[in-house]
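The structure appears below as structure tokens.
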Number of protein chains: 4
Amino acid sequence: MAQRAPEEQDKTSGRPRDRSIGEAAISATLEILETDGYFAVSVEAVARRAGTSRPAIYRRWSGRASLALAAVAARLDVPDSPDTGCTLCDLGDSFALFLAAYRTIRPDALSALYAECASDPDLRERYLDTVVAPVRCAVAQTLDRAVARGDLRPETDRGLLLDMVGSLVYYRAMLGQEHLSNDEAVHAIRILLQGAARDYGALLAHSEAMEHAHLHASTESG
Amino acid sequence: MAQRAPEEQDKTSGRPRDRSIGEAAISATLEILETDGYFAVSVEAVARRAGTSRPAIYRRWSGRASLALAAVAARLDVPDSPDTGCTLCDLGDSFALFLAAYRTIRPDALSALYAECASDPDLRERYLDTVVAPVRCAVAQTLDRAVARGDLRPETDRGLLLDMVGSLVYYRAMLGQEHLSNDEAVHAIRILLQGAARDYGALLAHSEAMEHAHLHASTESG
Amino acid sequence: MAQRAPEEQDKTSGRPRDRSIGEAAISATLEILETDGYFAVSVEAVARRAGTSRPAIYRRWSGRASLALAAVAARLDVPDSPDTGCTLCDLGDSFALFLAAYRTIRPDALSALYAECASDPDLRERYLDTVVAPVRCAVAQTLDRAVARGDLRPETDRGLLLDMVGSLVYYRAMLGQEHLSNDEAVHAIRILLQGAARDYGALLAHSEAMEHAHLHASTESG
Amino acid sequence: MAQRAPEEQDKTSGRPRDRSIGEAAISATLEILETDGYFAVSVEAVARRAGTSRPAIYRRWSGRASLALAAVAARLDVPDSPDTGCTLCDLGDSFALFLAAYRTIRPDALSALYAECASDPDLRERYLDTVVAPVRCAVAQTLDRAVARGDLRPETDRGLLLDMVGSLVYYRAMLGQEHLSNDEAVHAIRILLQGAARDYGALLAHSEAMEHAHLHASTESG
DNA sequence: TGCTAAGCGAGACGGTACGTCCCGTCTTAAT
DNA sequence: ATTAAGACGGGACGTACCGTCTCGCTTAGCA
């Protein structure tokens, strides 16, 4: 009762699905989501706006939540984890990527969508995989590399640190009137790494050197 | 279109409102919330379980969200901010209080409730005041005292630190399968204060001393 | 699963039914019936054209057949049986009344409606009562009076005679491209009464005398 | 959009149509018609029961009505008009033949089928040709012979008389709980011919003589 | 024998209409 | 004036079935 996503059509016989309907439905959903919020999204309304019929929607998704999730997933650019060699920079870039991704989605849509997904295990998993995981995953890789470089204290609970980064973004993405700003992100990273890094000063120095190198590179290439 | 809370009845004439109906409705709402989750809460269901009629509910609240919010508010014990004189202990206690408070509410109920409140400015404000503010407020006082004692670095962004604490609790309260554990809370505080404290070692020492004093006190009184 | 007709609302409490919706539905049904035929009548289409919703229709009728039957019943003027004292005239008038009544309804609507009613005993009975019975009844009274006057041969099967009159009208009303004409009706009556009357010549004479009387009356009063 | 009957395949190339599919479909239709009535007939149901697919049906008929009509046509034995030389007997035999033919078809099927055919001119014509015409035609021939013999009054409207006979059978075949009985048919003929015959007594006498001859013949041959 | 065209079963398609649920409102009678 | 009762008008639901279409294969008849 959850996915039935368009991409899953591997059937050998039968009339092939009209791809444009699925796309129109996703577009319509995103429009409604942006214009009137999650609760204005209904299979009925989406079908109407997409110029199609309810059954055509139900053939592709199991209901409102599944549809909205697909729409949000289509909107979310899943960012690749940055790898500059500098833990501080990577973390900053990770934050920036998340923020960029979530900024395309109305804050309340996320909470409403999650709320509706929460009661269905399948859907909940898809939500976490689609919306939460990419963010966590990118940060996780960054942290893994930091660990590999020996930048973090050995006793640091990586999972918790992950949550502390992720939760901050989410908190604002879901509850906030506005998303986290870049300045706030930089500040938060400082606090977290001052607490978690083996030698924050060294990281900072490295970062600044990188920045200079980058500036030089930019200057030279420019 | 939002509150119409029971306490607002100032009418001078006519049959007075039966106060027990409001109470029964709140109880019924809490029961349904715990048993079957937020989406099982409907004015219909609450009226039925409270042994009253739908219009009687609508006379007191504007709808499901308003009603559920009132119920959650009734459930949440707003904790007083602890003041032990030790920043580390205070922060730990603050965490513990929030966790205790939120633990009485199903994680998904919070996100669903917020989602529904988000579209109505009045309701949204009430939600933030009722559910979010107490947590933030208690931590804020703790942080203020820490600042007053000179325990934090001067450049620390107190608001951001506040969000980092609050968001962690919320993140887990709303998204998590389970709420934050005490161990995780302790660990998180360590990271945050190692980052934000002027001298984390001193705070730690103070805390341990307090703990010993407390242990002695307990021992002596026991 | 059949009637639930608007007139049956005797409830003591609760919001009273909006009478105009029922009327609009009947009107809409009649319009569709006339314009596009029985098969274009659907609860959906009627609700749309009546500017209301499907449930509002279902609250009043059990479905398409029931609704269409009510509409046809509203259209059919149930004629009073004529009583001129002249069997020939009465029968002629009866025919004319039926024809006038059925002429307001598309021939194919009757057969389609009956076809759909036939499978539901309740509905079938209502159909017979509403559409068929009035016609039969009026003729039956005419024949009864003829019998009372001694105008018919004693061995005549009154029920069969009734069917022979009714069937002729129905046959044309349901199957025919066009309804029975007045001339055909007069001719049919002659055939039937020549066969069934004790003394057809006397009836004819009587009828002509009546006609003259009527003409004189008309002349005198005119 | 109406017939597309199996016999119309004149294509010169390509795989020829599998004749057995058409036959299986007709059989399946008749079975469903008898067992569950007209409304249980659907292209889907027929295809399933005939062990074939929906498109295969649609290749042969335009839809349910067309299919059902073909099935009914296959069932109806078109009776030859009897010619005994006796008007009364011929008419009685004609009635009997119709009744026998229609008795093989559920009364409600006729009205439902006609109702559905009525909206499509092509189909309507086919219905009249297939179901109605044979009956009318056989009676018409009987009446023609009666006219030729001088048995009917010259002023009799032959078409109307035709309708009076046909309508009576139809009326009962379509509307009735049960078909017309033989006794009723005899009685109806008496009424009609008493009205339409030049000399009913002579016809009656002739008929009785025939009957005797027939009895004798039967006796002799038996 | 190989090609071609139309047949075939299978099954999903797009869409209409269905009959139902539940929401939030309104009316009535009674307290 | 407010209560409990309960029906109201209506938005949306999820489903059944319609008639169509696409597929991959089969099957004749023409070349």
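Order of the sequence lines sets the chain letters (A, B, ...), proteins ahead of strands, with each chain counted from 1.
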To the nearest angstrom, the CZ-C1' distance between C/R19 and F/dG9 comes to 16 Å

Any side-chain N or O of A/R64 below 4.0 angstrom from OP1/OP2 of F/dG14?
no

Please determine if A/R75 and A/E34 form a salt bridge, counting it only when a charged side-chain N lies under 4.0 Å from a carboxylate O.
yes

Taking atom P of F/dA4 as reference, at what distance in whole Å does atom CZ of B/R48 sit?
16 Å

D/L67 CG - F/dG19 P separation (whole Å):
11 Å

OP1 or OP2 of F/dA4 under 4.0 Å from side-chain N/O of B/T52
yes

For the pair made of CZ in A/F39 and P in F/dC13, what is the distance, rounded to whole Å?
13 Å

What about C/R15: does its side chain form a donor-acceptor pair under 3.5 Å with the base of F/dG6?
no

On DNA chain E, compare the nucleotides closest to C/A45 and D/A56; which residue's is nearer the 5' end?
D/A56

Measure the distance from CD1 on D/I57 to P on F/dT20 and round it to the nearest whole Å.
13 Å

Look at the side chain of A/R59 against the base of E/dG15 and say whether a donor-acceptor pair falls under 3.5 Å; ignore hydrogens and angles.
yes

Rounded to whole Å, CG of A/D18 lies from C1' of F/dC23 at a distance of 16 Å

Under 3.5 Å, is there an N or O donor on one side and an acceptor on the other linking the side chain of A/R54 and the base of E/dG15?
no

Considering only NZ, NE, NH1 and NH2 on the basic side and carboxylate oxygens on the acidic side, decide whether C/R124 and C/E116 come within less than 4.0 Å.
no

The nucleotide from F/dG9, E/dG15, F/dG14 with an atom nearest the side chain of A/Y58 is F/dG14

Run the salt-bridge test on C/E23 and C/R19 with the 4.0 Å N-O cut-off and return the result as yes or no.
no

Closest nucleotide of DNA chain E for A/P55 versus for B/V43: which of these residues is on the 5' side?
A/P55

Once you round it to whole Å, what is the distance between C1' of E/dC21 and CD of B/E44?
10 Å

Here the distance between atom P of E/dT20 and atom CH2 of C/W61, to the nearest Å, is 17 Å

Return the nearest nucleotide to the side chain of B/S42; candidates are E/dG15, E/dC23, F/dG14.
E/dC23

Find the distance between CD (A/E125) and CG (A/D120) and round it off to the nearest 0.5 Å.
10.5 Å

Between B/S53 and F/dG6, does any side-chain N or O lie under 4.0 Å from OP1 or OP2?
no

Donor-acceptor pair, distance only, cut-off 3.5 Å: does the side chain of A/R64 make one with the backbone of A/V41?
yes

